[in-house]
Amino acid sequence: TRAAGSPIQPGIATDQCEALGSSFEKIGHVLVSSKRLGSPSDPSSMISSSLSRSSTLIQTRPGNLLGVLDNNFLLRGSGIEKNDIITTRWQPLDWLLGTQIGQITGLGLIAVVLVFLGAFFWMLAGGNDDYNTGLKQALWFSWTMFFDPGTQMGFQASERARAKLVAVTFSILGFLYNLLMLGLIVEVVKQVLDRWHQNRGRIVANNHTLLLGWSEKSLFIIEELVKSAYLEGIKPNLVMLAEEDKIELRLVIARHFESKEFSPSIRIRSGSPSDCEELTRVSAASARNIFILSGVGSPRIVDLSTVRTTVALAALTRSPKCPIIAEVRAAESSGAIRAVSETAEGVFALGAVKRLLCLIAVQPAVGEVFMDLFSWRNGASIYCEPLREINGLKPGSTVGDAEIAIPKGIVIGVVPDKDNVVIAPPSDRQLDEKDRLLVIAESRQGATGSEYLIKDLAEKGFTEINKEINNVLPIHSREEAIEPDLAFVEMTSGAMHIVIVGWPTDMETFLGFMDEYLPLGSTVEILAPMDEDERNRRLNQTKNVKEQHCKLVHRAGSTTSLHDLAMLSLNDAAVVLVLADESLQEEPPLSDAANLATCVSLDGLLSGNFPKEFQPRGGSRRPRLICEVLSAETRALET
């Protein structure tokens with residue numbers, strides 16, 4: 001190796017390299033630079049001269065280990081003498097103050113010094129009848145005063161002032177020292193106990209629901225799981241393993257549910273969900289269901305973390321046999337989840353939510369029905385029940401028999417054992433032993449045709465939730481069925497004008513869904529900070545938006561600016577969607593705050609509060625305003 005423009009000069013490093021021969025080529029090549037290489041005027045020589053005495057750069061081929069070069073070879077090849085190696089050592093003061101054993105040693109030295117000082121001053125004070133000025137008695141007096149401050153109470157009131165002053169002074173110093181030493185001992189014991197609690201503690205649970213990870217969706221899921229448990233007539237048994245501090249998580253959960261009619265009891269452990277040891281300590285093998293929640297960040301990175309957690313579950317000595325529901329941020333990650341475990345399923349929930357949002361915007365009646373079915377909060381849900389669980393049904397029964405056996409539910413489909421789902425099956429279709437029925441009902445008891453008895457809950461210790469159940473389960477027979485109130489729905493068969501504020505990370509997919517549901521000739525107007533060229537580049541790259549039914553109109557501007565919002569065609573819009581912009585999606589609270597501010601501004605414009613900026617069209621018709629929120633705490637503000 002030589003610097004540019006300078007001749008090669010022989011040296012120790014060059015001779016060593018040439019002696020290695022062909023064996024050196026198998027492990028890589030070593031580039032050695034030293035002060036003797038290069039001319040002083042050359043820039044590379046000036047750089048090398050600013051380094052240490054010599055430096056060795058080692059480059060190995062892929063697959064080779066750097067460890068094949070031992071320390072002796074490196075020292076010889078670089079010209080470094082063993083005596084030149086710098087050894088790092090503790091500075092006395094750093095060791096004394098910066099380590100626990102140093103602190104204890106320092107306190108011990110302070111105690112020795114104070115005891116000897118006490119003996120010295122006692123000898124100067126002249127002693128008394130009980131303790132003379134001899135060294136042994138003075139040291140014993142100092143020791144008793146220092147470690148037992150109550151010894152001074154044995155002094156008579158007539159004792160000389162100098163003796164009492166020494167006794168009081170060193171009693172106070174001893175009292176403060178003992179407090180300090182006891183505090184240090186308590187801290188050491190607390191650290192040991194905390195370490196034992198973290199390493200040996202565990203949550204012993206059976207037939208429980210295990211939540212792995214924490215995200216902005218965790219509160220939603222906890223609420224849904226608690227509602228589901230109450231509807232099934234069982235006590236919620238929730239366990240969570242997350243990297244966040246469990247005390248903070250308990251405070252967040254308690255704050256969210258303090259205004260609810262129920263407060264879930266959930267056991268939390270702080271730890272990594274991808275650590276097999278931590279999974280064992282939350283009884284993952286005996287869980288009833290396992291939910292893996294994705295966090296905030298890049299979809300690819302988040303899904304890799306989800307896959308790692310699934311692998312850890314599969315690698316357990318006693319791997320769980322229960323269903324594992326893993327949330328993925330990218331649809332293609334679902335296959336990786338299924339490949340890891342037979343019981344694991346990757347759920348791309350974001351796609352379903354975006355489709356639901358499109359339906360609410362374009363077909364409100366259909367969207368509202370699906371939104372009710374997606375949640376247990378409003379009672380009615382879709383249940384998938386095995387044939388053996390249906391009251392009075394046997395193999396060979398028909399779908400019509402199932403409809404009669406389930407008076408408080410609606411049979412909407414059949415799930416065969418090894419075939420695709422059949423939606424709206426004919427009444428004369430025969431049911432096999434392994435078939436499952438898709439039923440819309442307001443409880444699992446309603447979906448199976450069994451009676452929902454309050455006394456069953458009372459026997460299980462649920463006497464306090466009778467009022468809760470009455471509010472959650474307004475069960476009606478078919479004769480008493482209530483017609484849904486669709487007065488808010490304005491059905492349109494012609495072209496629609498949709499306004500979207502914000503550009504989320506999955507906007508290309510969302511616009512593809514919107515293009516499927518919109519009537520022919522519709523227009524979608526988009527306001528976002530992203531410039532139009534970047535939007536077109538992304539749309540052309542994914543090719544999800546074919547613009548068969550709608551035309552896109554782009555406007556660049558701030559989503560919270562009143563002036564930019566007033567430039568939109570709000571008078572022609574059937575609905576205005578406020579979506580979480582990608583610039584803020586990594587921070588859910590901040591994104592929700594921006595969306596709420598946008599909604600307030602839009603409502604003010606449509607209400608005529610800013611006549612200089614926007615003149616709303618007369619009449620009672622105004623576009624519906626739909627706001628996307630990411631945080632459960634923001635959802636609590638809805639009225």
What is the minimum heavy-atom distance between Ile324 and Pro320, and which atoms define it? CD1-CG, 4.3 Å

Would you kindly check if the NZ (Lys) or CZ (Arg) of Lys354 is within the cone defined by 45 degrees around the ring axis of Phe510 and under 6.0 Å from the six-membered ring centre? yes

Check this for me: Arg300, atom CZ, are more than 12 non-hydrogen atoms of other residues, nucleotides or ligands nearer than 6.0 Å? no

dist Arg288:CZ -> Asn207:CG (nearest 0.5 Å) comes out at 6.0 Å

Scanning both residues in full, the closest heavy-atom pair of Glu243 with Pro273 reads CG-CD, 3.9 Å

Could you check whether any side-chain heavy atom of Leu219 comes within less than 4.5 Å of a side-chain heavy atom of Glu224, counting everything from C-beta outward? no

Without hydrogens or angle criteria, can the side chains of Thr306 and Asp303 be said to hold a donor-acceptor pair below 3.5 Å? no

For Gly409 and Ala441, which heavy atoms make the closest approach, and how far apart are they? CA-CB, 4.2 Å

Distance-only, no hydrogens or angles: does the Asp435 side chain make a donor-acceptor pair with backbone N or O of Asp432 under 3.5 Å? yes

Any side-chain donor paired with an acceptor under 3.5 Å for Arg267 and Asn237? yes

Are Glu433 and Arg388 within salt-bridge range, i.e. N to O under 4.0 Å? no

side-chain contact (heavy atoms from CB on, under 4.5 Å) between Phe291 and Leu210, worked out: CA-CA 6 Å; Phe291 293 88; Leu210 177 59; over 6 Å; no

Does any N or O in the side chain of Thr280 come within less than 3.5 Å of the main-chain N or O of Cys276, such that one atom is a donor and the other an acceptor? yes

CZ (Phe370) with more than 12 external heavy atoms under 6.0 Å: no

Checking the side chain of Thr343 only, and the main-chain atoms of Lys321 only, is there a donor and an acceptor separated by less than 3.5 Å? no

From OG (Ser270) to CD (Glu248), nearest 0.5 Å: 9.0 Å

Residues Arg355 and Glu516 bridged, charged N to O under 4.0 Å: yes

Salt bridge (charged side-chain N to carboxylate O under 4.0 Å, His left out) partners of residues 269-286, not counting sequence neighbours, each pair once: Arg269-Glu278, Glu277-Arg281

Hey, could you give me the CE/CG distance between Met371 and Leu359, rounded to the nearest 0.5 Å? 11.5 Å

If you count heavy atoms of other groups shown closer than 6.0 angstrom to CD1 of Ile247, is the number above 12? no

Salt-bridge present (Arg429, Asp401; N to O < 4.0 Å): no

Just to verify, which of Val415, Leu431, Ile412 counts as forming a side-chain contact (heavy atoms from CB on, under 4.5 Å) with Leu437? Leu431

With rounding to the nearest 0.5 angstrom, report the CD1 to CD1 distance, Ile440 to Ile406. 11.5 Å

Any salt bridge between Glu345 and Arg338, counting N to O under 4.0 Å? yes

At their closest point, which heavy atom of Arg436 faces which heavy atom of Pro386, and how far apart are they? CG-CA, 3.8 Å

Decide yes or no for Val499 and Leu577: does some side-chain heavy atom of the first lie under 4.5 Å from some side-chain heavy atom of the second? no

State, yes or no, whether a side-chain contact exists between Leu225 and Leu211 at a heavy-atom distance under 4.5 Å. yes

Counting distance only, does the side-chain N/O of Ser334 pair as donor-acceptor with the main-chain N or O of Gly346 below 3.5 Å? yes

Side chains of Glu582 and Thr505: do they bring a donor and an acceptor to under 3.5 Å? no

Hey, does the side chain of Ser283 reach the backbone of Ala205 with a donor-acceptor pair shorter than 3.5 angstrom? yes

Asp581 side-chain N/O to Leu584 backbone N/O, donor-acceptor pair under 3.5 Å: no

Donor-acceptor contact below 3.5 Å, side chain Thr598 vs main chain Thr559: yes

Working to the nearest 0.5 angstrom, can you tell me the gap between Ile253 CD1 and Glu223 CD? 12.0 Å

Indicate the atoms forming the closest heavy-atom contact of Ser215 with Ser294, along with that distance. CB-O, 3.1 Å

With a 4.5 Å heavy-atom cut-off, do Ile203 and His208 have their side chains touching? no

The single option from Val421, Val411, Val422 passing side-chain contact (heavy atoms from CB on, under 4.5 Å) against Leu438: Val421

Spell out, as yes or no, whether a donor-acceptor pair under 3.5 Å connects the side chain of Thr448 to the backbone of Ile390. no

Residue pair Leu212, Leu293: steps toward the side-chain contact (heavy atoms from CB on, under 4.5 Å) verdict: CA-CA 6 Å; Leu212 300 178; Leu293 307 181; over 6 Å; no

I want to check something: taking the side chain as every heavy atom from C-beta on, are Val347 and Glu327 in contact at a cut-off of under 4.5 Å? no

Test side-chain contact (heavy atoms from CB on, under 4.5 Å) on Cys599 and Leu625; report intermediate values, then the result. CA-CA 8 Å; Cys599 287; Leu625 190 58; 4.1 Å; yes

For Trp214 versus Val252, what's the shortest heavy-atom pair and its separation? CZ2-CG1, 3.9 Å

Exam field: side chain Thr309 to backbone Ser305, donor-acceptor pair closer than 3.5 Å: yes

Could you tell me the separation between the CD1 atom of Ile337 and the OG1 atom of Thr310, rounded to the nearest 0.5 Å? 3.5 Å

Leu539 vs Glu508, test: side-chain contact (heavy atoms from CB on, under 4.5 Å). Steps then yes/no. CA-CA 6 Å; Leu539 294 174; Glu508 298 82 7; 3.8 Å; yes

Heavy atoms, side chains only, cut-off 4.5 Å: are Val366 and Glu368 in contact? no

If you count the non-hydrogen atoms of other residues, nucleotides and ligands that lie under 6.0 Å from CD in Glu342, is the total more than 12? no

Does Ser522 reach the main-chain N or O of Met496 with its side chain, forming a donor-acceptor pair under 3.5 Å? yes

Given side chains that start at C-beta, do those of Trp503 and Arg538 come closer than 4.5 Å, heavy atoms only? yes

Is there a side-chain contact between Asp603 and Arg622 (heavy atoms, below 4.5 Å)? yes

